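These values consider heavy atoms only, across backbone and side chains, with no hydrogens, waters or symmetry-generated copies. Since we're looking at a predicted model, the values are computed, not measured.
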Amino acid sequence: SNNNPYASFGATLARDEEQNLWSTPHDVTHTEADDDRVLYNMIVVRNQLDKDSEEWQKLNYDIYTLRQTRKEVRSRWKHILEDLGFQKEADSLLSVTKLSIISDSQNMSKARDILLKLSEETNIFPTSWELSERYLFVVDRLIALDAADEFFKMASAVYPKRLSGDRLDEAPRALQS
């Protein structure tokens with residue numbers, strides 16, 4: 001009976017915040033991957049707790065930390081893409097939505113191999129990072145552009161594998177061409 005088109009605006013914003021499954025609120029590029037569900041479940045549990053409780057504060061910190069780690073990983077990928085000459089295309093190459101598809105099913109195993117190799121032989125992902133399906137789509141796009149091998153070489157140079165005691169934020173920030 002309410003004809004106000006803005007009546008549910010606040011509720012929509014609250015739902016968007018709860019469904020923040022990637023790195024920032026209202027990020028339309030999120031997918032419903034396993035790592036997204038972990039973050040979503042953390043948000044749901046946190047929202048059921050009293051804000052003054054220690055558990056709420058811990059979960060809030062964990063959610064913030066996970067989002068920051070995701071931002072850092074995305075930033076690393078973007079940095080390499082830009083160094084490879086994809087300055088204008090970097091954001092679109094990294095954009096993965098529920099509608100994203102693998103460009104060629106024959107590339108799937110190669111994309112998985114490259115992603116695994118990036119995880120094992122570079123420090124583009126933090127040590128505790130579980131491989132995200134999101135980056136499988138990105139690697140697939142790089143294969144289609146015939147840039148996957150160059151991406152791996154650049155990632156190896158910019159983010160070489162370090163000893164386990166090294167910190168995430170100690171990675172080199174730029175590679176001189």
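Using a 4.0 Å cut-off between charged nitrogen and carboxylate oxygen, D140 and R112 do not count as a salt-bridge pair.
Atom CZ in R134 sits 13.0 Å away from atom CG in L115 (nearest 0.5 Å). With rounding to the nearest 0.5 angstrom, the CG atom of L94 is 5.0 Å from the CZ atom of R74. Atom CG of residue L59 and atom CG of residue L66 lie 11.5 Å apart, to the nearest 0.5 angstrom. Atom CG of L81 sits about 7.0 Å away from atom CZ of F86, to the nearest 0.5 Å. Rounding to the nearest 0.5 angstrom, the gap separating the CG atom in N107 from the CD1 atom in I143 is 5.0 Å. Annotation: the span from N123 atom CG to R76 atom CZ amounts to 5.5 Å, rounded to 0.5 Å.
With sequence neighbours excluded, no residue satisfies side chain to side chain donor-acceptor pair (under 3.5 Å) with K110. The side chain to side chain contact (heavy atoms under 4.5 Å, CB included) check on T65 picks up Y61, T69, with sequence neighbours excluded. With sequence neighbours excluded, the residues forming a side chain to side chain contact (heavy atoms under 4.5 Å, CB included) with I63 are L39, M42, I43, R46, R67, listed by chain and number. Qualifying side chain to side chain donor-acceptor pair (under 3.5 Å) partners for K117, counting only residues two or more places apart in sequence or in other chains: none. With sequence neighbours excluded, the residues forming a side chain to side chain contact (heavy atoms under 4.5 Å, CB included) with D50 are D52, S53, listed by chain and number. Legend: residues meeting side chain to side chain contact (heavy atoms under 4.5 Å, CB included) with T122, ordered by chain and number and at least two apart, are L118, I124, F152, A155, S156. Residues satisfying the salt bridge (charged side-chain N to carboxylate O under 4.0 Å, His left out) test with K58, not counting sequence neighbours, are D62.
Taking the six-membered ring for Trp and thresholds of 30 and 60 degrees, W77 and F125 have ring planes inclined between 30 and 60 degrees apart.
Taking both residues in full, the closest heavy atoms of R141 and S92 are given as NH1-O, 3.4 Å, listed atom of the first, atom of the second, then distance. Nearest heavy atoms, I114 versus A148: CD1-CB, 3.6 Å.
Under the salt bridge (Lys or Arg N to Asp or Glu O under 4.0 Å) criterion, the residue pairs touching residues 142-151 are E150-K153, with sequence neighbours excluded.
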